[in-house]
Amino acid sequence: MPSFAAQQSLFRAYDIRGSRQQFTNDFIQALGHAFAHLYQLQQNIDSKKHSAKNSKISSENNRQSTNEKIIVVIGYDVRCDSNTIAQALAHILSQQGIQVIQLGLVTTPMMIFWAEQYQGHGIIVTASHSAKDILGVKWLVNHISPSSTDIQALYHQLGIDYAQNPSLDSIAKPIYHKQQQLPTQQVASAYSDAITQVFKQIYQHNNQTAEDSQLPSSKLDLMVVIDCMHGATSNIAKPLFTHFCQHVITLNDTPDGNFPAGNPDPTEPQRLKQLQQSVLLHQADIGIAFDGDGDRLMVVDNRGKVVTPDHLLYLLATVAVNQRPQSLNASLSNAQVLFDIKCCHHLPKLITELGATAVISKTGSSLMRQQIQQSGGQIIFAGELSGHFIFNDGYFILYDDAMYAALRLLHWLAKPLPAKPNCARNLADIIDALPIIVSTADHYLPLPATALTDCSIVQQLARFCQYLQQLVHATSAAFITQPDPQAIISCAPLLCTCSAKNQYMTLEQAQKLLPVGTKLSCIDGVRLDFARGFGVLRQSNTSQNLTVRFAGDSIADLIDIQTRFAALCRPFNEHLATQILAIVAE
């Protein structure tokens with residue numbers, strides 16, 4: 001068997017993704033067999049659980065349950081070679097006795113939707129918002145996205161020779177299944193019809209009078225401009241949004257894996273310029289942008305200004321909280337809204353004012369989905385700075401679907417306010433009423449190198465901040481005059497030379513950097529919330545970089561917070577402190 005050491009870097013925190021050159025024929029073949037084993041193993045686990053719960057069922061019925069065919073849906077995005085890889089994976093799974101339903105060119109949320117129609121198993125060959133020379137794969141097992149541990153376990157299956165190991169194939173007897181190719185129209189129409197039913201339910205659940213309980217007789221009176229970025233939404237966005245809205249204009253709506261307009265990433269600086277100009281040209285009510293696989297959303301208001309993801313998260317959370325079904329209201333003692341650690345300092349207060357509880361989370365939409373699934377329904381909405389938004393109100397799939405989220409926002413905007421019954425909500429006016437955010441972008445900095453015996457820069461900073469915070473809050477005069485950082489900072493390696501152990505500061509210095517009332521979170525890097533802003537420094541889950549973001553109520557507040565972070569980092573890495581000070585506001 002060939003070695004796949006070169007491909008290990010492809011197996012990242014959320015998916016498989018990397019350069020086209022690494023997707024060799026041998027690797028794709030091995031990956032197909034690893035997926036087949038994964039789904040066969042899951043069927044074996046499910047069968048054992050079924051047998052344990054139904055021990056009184058006859059042995060014949062148990063045998064039929066064990067031999068039930070596995071169904072996996074497979075789709076692909078617009079990238080060159082995505083289709084070829086999807087076909088190869090489908091062929092291998094079919095050879096291994098798995099029934100494959102091919103969806104063709106779809107968004108990731110559409111693959112999830114179709115997987116939910118069967119056993120919750122699905123694969124899509126996509127590199128999401130990455131550049132054109134990047135390929136990738138996302139998948140679902142039993143309705144659940146893989147954890148980072150699951151992804152690494154799949155990698156370790158690559159080196160196993162299935163042909164020489166009959167014990168692996170005994171999980172399910174390989175009987176070749178013909179692949180089923182669903183018609184393109186059927187794939188799209190079933191997804192669109194399901195979304196239409198969602199809005200019928202929402203109008204029925206949220207209107208008291210019978211005459212208002214149906215969808216409006218006419219389409220939403222909105223002018224909407226949509227940038228598909230030549231991605232997977234290109235074929236479906238126009239017909240879907242035209243079904244609901246009177247006026248829809250689409251940009252870059254031809255599927256093209258070369259992405260002639262630029263990377264299909266709506267969060268890149270300046271990437272929304274064309275959309276902004278089109279909104280102003282057509283005097284549109286809103287501009288909407290989707291990433292390459294349709295799971296990330298960015299919005300431009302009617303004045304052509306990009307809505308920050310923080311504000312967009314709040315608006316969508318408002319929709320989720322206000323439109324949750326009555327049955328959900330009755331069962332929830334306290335609804336929760338989840339946001340990731342990179343979101344701004346205003347969100348907790350804004351979410352609380354909605355009547356929900358704000359809960360901070362690690363960054364990563366797959367991590368958020370797992371938290372939602374484990375919350376027992378308490379978390380009704382989740383979002384992160386990168387534009388992933390997840391509704392958990394029972395209306396639709398539990399996934400970050402950008403087109404669905406945009407339609408939820410449009411229906412909310414189009415609903416007239418009581419004071420102005422003939423006018424839709426004005427998005428720019430709504431944003432103007434929210435707290436001002438002066439912020440940097442989610443900025444990437446090279447991960448500073450540390451000695452083998454050192455903690456990472458993030459660990460050092462976290463321990464130093466913990467020490468300073470305890471110093472500020474200490475009541476013992478003896479402790480203040482003779483601080484013992486090693487009593488506070490516990491480094492795991494015995495030989496650790498972590499410089500956080502050797503940092504000493506006076507109480508006055510500590511109070512200047514971390515005033516009383518400063519909130520410290522270390523769930524994902526280091527986040528500090530001050531009275532008039534916040535900052536976060538963490539290690540990227542997908543690359544050897546640090547990601548940093550700072551925000552304040554004014555440019556002066558922003559600079560003050562960057563200065564504090566630079567001072568905190570300077571004892572460990574002078575260059576990092578300089579880089580932090582050089583970052584400018586968006």
Side-chain angles (χ1 to χ4, degrees), residues 195 198-199 201-203 205-208 212 220 222 224 244 285-288 296-302 305-329 332 334-340 343-361 365 368 372 375 377-396 398 400-421 423-437:
I195 291 178
V198 166
F199 289 105
Q201 293 180 56
I202 290 173
Y203 275 84
H205 289 160
N206 292 279
N207 290 282
Q208 302 299 318
D212 292 330
L220 304 179
L222 294 173
V224 181
F244 291 103
D285 296 289
I286 189 171
I288 296 168
R296 298 170 78 179
L297 170 68
M298 287 289 285
V299 165
V300 169
D301 72 19
N302 50 296
K305 183 179 179 181
V306 176
V307 177
T308 70
D310 311 275
H311 284 156
L312 181 55
L313 193 160
Y314 167 71
L315 294 182
L316 290 170
T318 301
V319 175
V321 171
N322 292 341
Q323 294 184 347
R324 55 186 168 174
Q326 294 299 319
S327 58
L328 197 60
N329 284 333
L332 284 183
N334 193 8
Q336 298 176 354
V337 171
L338 199 63
F339 65 97
D340 84 304
C343 291
C344 84
H345 55 294
H346 290 303
L347 269 177
K349 182 181 178 182
L350 290 171
I351 291 169
T352 301
E353 290 172 354
L354 289 176
T357 299
V359 180
I360 196 167
S361 163
S365 57
M368 286 187 161
I372 292 172
S375 74
Q378 288 292 116
I379 300 173
I380 65 168
F381 180 78
E384 62 173 351
L385 190 74
S386 61
H388 291 276
F389 304 107
I390 309 168
F391 286 85
N392 184 37
D393 48 14
Y395 289 123
F396 198 51
L398 181 56
D400 28 320
D401 186 335
M403 289 195 293
Y404 173 69
L407 284 167
R408 290 291 298 267
L409 179 63
L410 292 181
H411 277 81
W412 179 75
L413 285 173
K415 188 175 182 180
L417 292 167
K420 298 179 179 180
C423 298
R425 292 176 169 93
N426 182 296
L427 182 55
D429 289 345
I430 295 171
I431 299 301
D432 285 347
L434 297 176
I436 295 173
I437 302 173

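Sequential numbering from 1 along the given sequence is applied to the chain's residues.
- To the nearest 0.5 angstrom, R296 atom CZ is 10.0 Å from D400 atom CG.
- Note that CG of D393 and CZ of R324 are 10.0 Å apart. Values are rounded to the nearest 0.5 Å.
- Between the CD1 atom in I195 and the CZ atom in F244 there is a gap of 6.5 Å [rounded to 0.5 Å].
- Listed for the E384 side chain is a donor-acceptor partner under 3.5 Å among the backbone atoms of S365.
- Atom CZ in F389 sits 14.5 Å away from atom OH in Y404 (nearest 0.5 Å).
- Within the 3.5 Å criterion, the main-chain N or O of K415 finds a donor-acceptor partner in the side chain of R425.
- Taking all atoms of both residues into account, the shortest heavy-atom contact from A358 to P348 is CB-CA, 3.6 Å.
- Panel note: side chain Q201, backbone Y395; no donor-acceptor pair is recorded below 3.5 Å.
- Taking both residues in full, the closest heavy atoms of A317 and V337 are given as CB-CG1, 4.0 Å, listed atom of the first, atom of the second, then distance.
- Atoms CG and CD1, on N392 and I372 in that order, are 5.5 Å from each other to the nearest 0.5 Å.
- Across all non-hydrogen atoms, the minimal contact from I436 to H346 is O-NE2, 3.4 Å.
- Checked options L312, T308, V306; the residue passing with V299 is L312 (criterion: side chain to side chain contact (heavy atoms under 4.5 Å, CB included)).
- In this structure the side chain of F339 reaches within 4.5 angstrom of the side chain of I351, judged on heavy atoms.
- Considering only heavy atoms from C-beta on, L413 comes within 4.5 Å of I286 through its side chain.
- Ring planes of F199 and H411: parallel class, angle under 30° (limits at 30 and 60°).
- Of the charged side-chain nitrogens involved, none lies within less than 4.0 Å of a carboxylate oxygen, so that D401 and R408 do not count as a salt-bridged pair.
- Across V300 and L427, no two heavy atoms sit closer than the pair O-CD2, 4.1 Å.
- At a threshold of 4.5 Å between non-hydrogen side-chain atoms, the residues L313 and F381 count as touching.
- Looking at D340 and S361, their side chains never bring a donor and an acceptor atom within 3.5 Å of each other.
- In this structure, CG on L434 lies 4.5 Å from NE2 on H311, to the nearest 0.5 angstrom.
- Annotation for C344 and D310: closest pair N-OD1, 2.7 Å, computed over non-hydrogen atoms.
- When all heavy atoms are compared, the tightest approach of L410 to L222 is O-CD1, 3.6 Å.
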Are F396 and F391 close enough, and set up right, to give a ring-ring contact (aromatic ring centres under 6.0 Å, His included), and what steps lead you there? CA-CA 8 Å; F396 198 51; F391 286 85; 9.9 Å; no

